[in-house]
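The next block holds one structure in the form of structure tokens; read it before the comments.
Start at 1 and go down the list; that is how both ligands and their atoms are numbered. Starting from 1, each residue takes its place in the sequence as its number.
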Amino acid sequence: MDEFTLRKQVAEISARTVHERLNRISSGNVSARFGAGFLATPSGVPSAEVHSEQVVFVAMDGSWAGNLKPSSEWRFHRDLYAARPEVGAVVHVHSPFAVSLACLRRGIPPFNYMIAAAGGKTIPCADYATFGTQALSDNILAAMGHLRACLMANHGQVAVGRDLQQALAVAIEVEALCEQYWRACQLGEPVLLTDAEMDEALVAFQGYGVNR
Ligand SMILES: [Zn+2]
């Protein structure tokens, strides 16, 4: 994909995070792998108002060109691209139900087979570190492993995909699962699926939905 088209897509997906109620005002950030680096939403521009020319190219050494800085959370985007060649896009949001569970430092257990949409049997919660720090990035990569999403303690969630559309779909699904889990917990202790049941769900998920 050419740079102009990808810049437009980064801006569009950034706006979608607000329209899908995953982010408000300037929280969260979006990026897509491009060339020897990635295209990231800028710092200080409301997520719904990013223009394609404001999208910042960040090299893998963390340097960037132009007047606008990339989001202060560029480090975990960079580290996810460096560690995982299959990742083509990263969507980070402060979605309300994910934040609520992350404030309890609780990951999501296999209460619903749709957990498999995030690539595993649970959606873990990364340990807390200050936003924008290398420590936060290290915690996210450790929690995520090869999964497509994790919660971030007292902060939010991060989702990855082979492209922007898939990363956004994972973030939307994670928020839906957090809401469902939260609601189920109001009524009692949700019954968890077994390892074998989740194995079957993971197999069935290959070639379906966000895994397509
Ligand atoms: Zn954040």
Under-4.0 Å salt bridge between Glu179 and Arg183: yes

ring-ring contact (aromatic ring centres under 6.0 Å, His included): pairs with one or both residues in residues 15-51, sequence neighbours excluded: Phe38-Tyr81

Contacts of type ring-ring contact (aromatic ring centres under 6.0 Å, His included), residue Tyr181, not counting sequence neighbours: Phe111

Please tabulate, one pair per line, all N/O donor-acceptor pairs under 3.5 Å involving side-chain atoms of residues 61-72, not counting sequence neighbours.
| residue | atom | partner | partner atom | Å |
| --- | --- | --- | --- | --- |
| Asp61 | OD1 | Ser63 | N | 2.9 |
| Asp61 | OD1 | Ser63 | OG | 2.6 |
| Ser71 | OG | Asn29 | ND2 | 2.9 |
| Ser71 | OG | Glu73 | N | 3.1 |

Pair Arg105 + Asp127: basic N to acidic O under 4.0 Å: no

The Zn ion (ligand 1) - number of protein N/O/S atoms closer than 2.8 Å: 4

Geometric class of the Phe205/Tyr113 ring pair [parallel <30°, tilted 30-60°, perpendicular >60°]: tilted

